[in-house]
Amino acid sequence: MLPGDVKLRKQVASTEKLKQKQLDEHLKEVPRKEHIAAYSHQPIQALEHPAFKTMIDIASRAREAVSIPSQKVAMQEIIRMFNEYMVDLKARFAADNVDGYFAVTAHWIEAVTEDQWELKNAIIGFTYLNNAHNGKRLGQVLFKIVDRLGIADCIGHVTCDNAKNNGTMLAESAAQVQARMGKIFNPKKSQINCLGHVINLATQAVLNTYSKTPHFDPANPENHIPETAGLIRAICVKERSSAKRKETYHTIQVREGIDKPRQLLLDMKFIATFAYKIALQEKDITKRRKLDALTLSADEWERVELFIQLLAHADDKQQCFSSESQPCLQYAIPALEGLHKAWSAHVERVKYAHFADTLQAGIDKIAEYYDKTGDSDAYIICIYLAPEIKGSHFKKHWSLELQQEAKELIKRVFREHYSVLSKDSQVPEQTQKLSTGKARMRLRALSDDELETEVIATAPSRSMGKPWLPEFRHYLNMAEHVQGDMSAVKWWGLNAHRYPVWASLARDYLSIMATSVSSERAFSQGGITVSKRRNRLKGDVVEALQCLKCAIRQDLLFAPADPSSALELSGKNDDGLESDGSAIENIAEQSSWDIMLDNDEDMYDTTVDDI
């Protein structure tokens, strides 16, 4: 408050009032960034409206800072984003459940007790294939699957479908067996063509010859107006071409009182009503006329009934091979011969003259695969091993020359098995009939009149020098009684002591599957395991799940009881023993089966030529 200070303060205040106030020290320059205006809910044409551009210019305060897209550019950007989205969706859908797996099931006859035999089967391989599926690659994987179980040199026969690469697969697997184990495996004699697939191919040949109606093509749906021969097939295509038509057919069945409505591929009733309904719903006159043409006349319905009768023969034969728990290869030759005979007989009848060319196509396909049964002896041997059939089929249907060939074949195979059993028993063949040791009990020969072994050994007989012949003849000449529900495997278990050499053949051949039903079932079960919610399962986990599920289902593995909390707290296992966890501490370091399949690089460098 001194006078000098007060005067000075007043002078400074008056000077500050004369200065203009500024905000420069509180502001900083922001760099300009060009950006695309975000799309609003306005129509695309608004982007080019003068008022909209003026508004954007004023709001941005810088004409050069904002680039407004034109209507054309905006539409192109929308389409581009949509195409990218669809490509992404396609990739997502393609990734679901399309992994390639190679399934192998093993079938064998197991002696549960001395007189109880059972046919067993198990999935021994469900291998993920992440590369080429050619025959050579499949053959290498097949060898590794059986080799990891130590049975590569014990495989008798392989049943697979009729794809061409399966022959290459068996040839490659045989080459691996010979190169690594020194054993010769004849792929041609050991391959069994899936009989279900053979009959299906013959049926497809009949259908494709009789009806040329193409499958539904959404891009060209009007291609399904066929000629008279394909009306039924065309109606089925029409019914399944849209959800609306499926619902129409469903409604027709409900009104007729059907408890479980079905689709046309399963039930051919109400076709006339359905054809009338879909034609009535069509507004276009030209399309309505085409749909009206699908209505069948009385003659056409009669031909449909005849055609169903022809297809019923194939269905009946296919039912013979639908089981994987019973041997059925003995029905292969009779079934093919029966279907060939049935269709051939219908070709010559005037009633079926309309289907002559159609049936001939199926007959030719059957003959093609029937000739291939001559590559393997298993078909004939299994017929002889069926106690209710034996050689009766050949006597009834084959010529004397072919009967003799079949008899010589089974005689040769029987003699070879007898020799193998004799060597295993370490009993010289020339003294077999005089021995009273273990080999006699195993290989004793029964005469038709039940003479004792000592008498056979001293009395003159046509079987002198052929100790295997009495048992061979005794089985073929004896009329065996088989109960209706008893399988051939069970019968041989009960009668193995009577025919030891024949029983040895039965264990080798009756486990051969006539179809690949078990492998197809493995794939179906795999589709349940690898669902859309489990599509990230690794190959080793999928294989483990499939093999274990099959083992439990076939009573080959019994799932242990879950550990209780009381046992966990006590530190003991289910057996009451102390558990320190050492049994599982290294489980993560163990090699899985699929690692074994992938690590052996030497195998994939080996070729058939090198072997």
Side-chain angles (χ1 to χ4, degrees), residues 97-110 112 117-130 133 137-161 163 165-166 169-170 173 176-177 190-197 321-329 489 507 510-531 534-535 537-560 590-598 600:
N97 307 328
V98 293
D99 293 336
Y101 284 87
F102 181 72
V104 180
T105 58
H107 302 260
W108 71 97
I109 294 176
E110 185 173 313
V112 181
W117 289 6
E118 291 183 2
L119 182 60
K120 299 287 188 178
N121 71 86
I123 298 176
I124 62 173
F126 200 84
T127 306
Y128 171 66
L129 297 178
N130 56 359
H133 297 181
R137 167 63 175 161
L138 294 179
Q140 294 166 350
V141 176
L142 175 61
F143 173 79
K144 282 205 166 184
I145 288 175
V146 296
D147 184 53
R148 71 187 184 184
L149 295 176
I151 59 173
D153 58 342
C154 304
I155 302 300
H157 295 77
V158 179
T159 303
C160 50
D161 61 28
N165 61 347
N166 282 333
M169 173 190 71
L170 293 181
S173 181
Q176 297 293 340
V177 171
S190 301
Q191 181 177 0
I192 303 297
N193 292 318
C194 175
L195 268 298
H197 191 209
F321 313 109
S322 59
S323 174
E324 66 173 347
S325 60
Q326 301 293 340
C328 50
L329 190 61
V489 172
R507 292 197 70 172
L510 289 185
S511 59
I512 302 174
M513 292 291 101
T515 65
S516 55
V517 169
S518 55
S519 296
E520 297 297 336
R521 183 172 287 116
F523 284 123
S524 299
Q525 295 169 353
I528 299 175
T529 301
V530 189
S531 65
R534 301 195 196 104
N535 56 12
L537 289 175
K538 300 299 183 182
D540 56 345
V541 178
V542 173
E543 182 177 32
L545 288 173
Q546 292 303 108
C547 292
L548 291 177
K549 287 197 303 182
C550 178
I552 295 174
R553 189 179 299 107
Q554 299 295 331
D555 293 333
L556 299 175
L557 178 68
F558 296 93
Q590 297 178 1
S591 297
S592 59
W593 284 114
D594 61 324
I595 294 178
M596 294 177 61
L597 288 175
D598 293 336
D600 194 351

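These numbers were taken from a predicted model, which means no experiment stands behind them. Quick note: residue numbers are just sequence positions, from 1.
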- Query: Do L142 and V104 come within less than 4.5 Å of each other through their side chains, counting heavy atoms only?
  - Reply: yes
- Task: Grab the two heavy atoms, one from R507 and one from E110, that are nearest each other, plus how far apart they are.
- Result: NH2-CA, 4.0 Å
- Which atom names give the shortest non-hydrogen contact between S516 and C194, and what distance separates them? N-SG, 3.4 Å
- By side-chain hydrogen bond (donor to acceptor under 3.5 Å, both in side chains) - contacts of S518 (at least two apart): T105, H107
- Contacts of S511 that satisfy side-chain hydrogen bond (donor to acceptor under 3.5 Å, both in side chains) - sequence neighbours left out: none
- Item | Any residue meeting ring pair (Phe, Tyr, Trp, His ring centres under 6.0 Å) with Y101, in chain and number order, not counting sequence neighbours | F126, Y128
- Message: Quick check: do F102 and I145 have side-chain heavy atoms less than 4.5 Å from each other?
- Response: yes
- Say you draw a straight line from CG of D153 to CG of D147; how long is it, rounded to the nearest 0.5 Å? 8.5 Å
- Shortest non-hydrogen pair, C328 vs A514, comes out as SG-CB, 3.9 Å
- Item | Nearest heavy atoms of L170 and Q191, plus distance in Å | CD1-CB, 3.5 Å
Under 3.5 Å, which donor-acceptor pairs do the side chains of residues 154-161 form with other protein atoms, sequence neighbours left out?
unit_1 : atom_1 : unit_2 : atom_2 : d
T159   : OG1    : M513   : O      : 2.6
D161   : OD1    : A163   : N      : 3.2
D161   : OD1    : N166   : ND2    : 2.5

- Distance col, row N121:CG vs I109:CD1, nearest 0.5 angstrom, shows 12.0 Å
- Message: Restricting to side-chain contact (heavy atoms from CB on, under 4.5 Å), what partner residues turn up for Q525, sequence neighbours left out?
- Response: I123, R521, Q546, R553
- Partner residues of E520 under the side-chain hydrogen bond (donor to acceptor under 3.5 Å, both in side chains) criterion, sequence neighbours left out: none
- Note on the structure: Sorted by chain and number, sequence neighbours left out, salt bridge (charged side-chain N to carboxylate O under 4.0 Å, His left out) with K120 holds for E118
- Message: Among residues at least two apart in sequence or on other chains, which ones pass side-chain contact (heavy atoms from CB on, under 4.5 Å) with A122?
- Response: W108, L556
- Among side-chain atoms of K144 and T127, is any donor-acceptor pair under 3.5 angstrom? no
